[in-house]
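Just below is one structure, and these are the notes that go with it.
Basis for what follows: all heavy atoms, side chains included, without hydrogens, waters or symmetry-related copies.
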Amino acid sequence: MPTVTRLTTDAEWDAAVPILRQLWSHEDESFVRSWREEDDYRLYGYYVGEDELADGPADTDAVAEGEPEPDAELVAVAGVSVQRVLHHRRHAWIHDFVVDEVYRGRGHGAALLAWIESWARERDCEYVALACVAGNDGALAFYEDAGLETWGRVVERELD
């Protein structure tokens with residue numbers, strides 16, 4: 001059975017950073033590691049055993065929280081926090097959601113997203129939300145297939 005656990009140790013972050021950098025390839029490793037110091041940021045790892053690596057989980061809702069089996073492999077990570085902002089009231093904001101490239105398309109992302117939704121409900125969140133980079137059509141299709149709706153657009157300007 002897949003297992004999700006909060007990643008807190010140096011060794012756990014060492015395993016997670018290469019997966020995170022598949023999304024954040026334009027950032028250096030030290031920047032990615034600095035998120036560990038953010039007050040509300042929680043990084044979770046999704047682990048599966050050898051029998052689920054190829055085919056994915058049998059049931060996307062059958063994900064346990066706790067310590068992974070010793071032979072389990074980290075195949076996905078998600079960084080989340082609980083926030084309140086004008087347009088979403090109390091919600092779980094997904095900062096990062098990355099399935100290792102070699103394991104995509106096997107149901108691991110759907111299982112991890114279902115776990116995040118359950119995690120959010122337990123914390124009295126009304127929504128889960130995230131930003132999807134413009135042009136990342138594969139990710140957008142995944143989120144829409146999972147039932148997330150496009151609510152608006154993020155507009156921004158980098159400050160000097």
Practice problem: Evaluate the criterion side-chain contact (heavy atoms from CB on, under 4.5 Å) for residue pair Met1 and Glu69; output intermediate values, then yes/no. | Solution: CA-CA 9 Å; Met1 171 184 291; Glu69 295 295 323; over 6 Å; no
Partners passing side-chain contact (heavy atoms from CB on, under 4.5 Å) against [X] (at least two apart in sequence or in another chain):
{"X": "Ala92", "answer": "Trp119, Ala120, Cys125, Val128"}
{"X": "Glu101", "answer": "Gln22, Arg104"}
{"X": "Ala141", "answer": "none"}
{"X": "Thr9", "answer": "Ala11, Glu12"}

Practice problem: Could you pull out all residues at least two apart from Asp10 that satisfy salt bridge (charged side-chain N to carboxylate O under 4.0 Å, His left out)? | Solution: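 Salt bridge (charged side-chain N to carboxylate O under 4.0 Å, His left out) list for Asp10, sorted by chain: Arg36.
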Quiz item: With sequence neighbours left out, what residues match Asp100 under salt bridge (charged side-chain N to carboxylate O under 4.0 Å, His left out)?
Solution: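 If we apply the salt bridge (charged side-chain N to carboxylate O under 4.0 Å, His left out) test to Asp100, skipping adjacent residues, there are no hits.
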Who passes side-chain hydrogen bond (donor to acceptor under 3.5 Å, both in side chains) against [X], sequence neighbours left out?
{"X": "Asp28", "value": "Ser30"}
{"X": "Ser118", "value": "none"}
{"X": "Arg33", "value": "Asp14, Glu29"}

Under 4.5 Å between any side-chain heavy atoms of [X] and [Y], yes or no?
{"X": "Thr3", "Y": "Glu65", "answer": "no"}
{"X": "Pro2", "Y": "His108", "answer": "no"}
{"X": "Phe142", "Y": "Phe97", "answer": "yes"}
{"X": "Gln83", "Y": "His91", "answer": "yes"}
{"X": "Leu112", "Y": "Val4", "answer": "yes"}

Quiz item: What residues, two or more places apart in sequence or in another chain, satisfy ring pair (Phe, Tyr, Trp, His ring centres under 6.0 Å) together with Tyr103?
Solution: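 None.
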Quiz item: Tell me, which pairs form a salt bridge (charged side-chain N to carboxylate O under 4.0 Å, His left out) where one or both residues lie in residues 141-151, sequence neighbours left out?
Solution: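 Checked against salt bridge (charged side-chain N to carboxylate O under 4.0 Å, His left out) - neighbours excluded - no pair reaches residues 141-151.
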Quiz prompt | Side-chain (Arg42) to main-chain (Arg6) donor-acceptor, under 3.5 angstrom | solution =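 No, Arg42 side chain to Arg6 backbone: no donor-acceptor pair under 3.5 Å.
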Quiz item: If you link I, L, V, M, F, W and Y whenever their side-chain heavy atoms are under 4.5 Å apart, who else ends up in the same group as Trp13?
Solution: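 Reading the cluster by chain and number, Trp13 sits alongside Leu7, Val17, Ile19, Leu20, Leu23, Trp24, Phe31, Val32, Trp35, Tyr41, Leu43, Tyr47, Leu74, Val77, Val98.
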Quiz prompt | Heavy-atom pair of closest approach, residues Gly66 and Thr5 | solution =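 Of all heavy-atom pairs spanning Gly66 and Thr5, the closest is O-CB, 3.1 Å.
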Self-check item: Smallest separation among heavy atoms of Pro18 and Ala15, with atom names
Solution: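 Between these two residues, the closest heavy atoms are CD-O, 3.5 Å.
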Quiz item: Would Leu140 end up clustered with Leu148 when hydrophobic side chains under 4.5 Å apart are linked, directly or stepwise?
Solution: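 As far as the 4.5 Å side-chain criterion goes, Leu148 and Leu140 are not connected within one cluster.
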Practice problem: Identify whether Val48 and Val102 are in the same connected component of the hydrophobic contact network (ILVMFWY, side-chain heavy atoms under 4.5 Å). | Solution: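 In one cluster: yes.
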Quiz item: How many angstroms lie between CH2 in Trp93 and CG in Asp96, if you round to the nearest 0.5 Å?
Solution: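 One gets 11.0 Å once the value is rounded to the nearest 0.5 Å.
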Exercise. Answer yes when Arg89 and Glu126 have at least one side-chain N-carboxylate O distance shorter than 4.0 Å, and no when they do not.
Key: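 A salt bridge is present here (some side-chain N lies under 4.0 Å from a carboxylate O).
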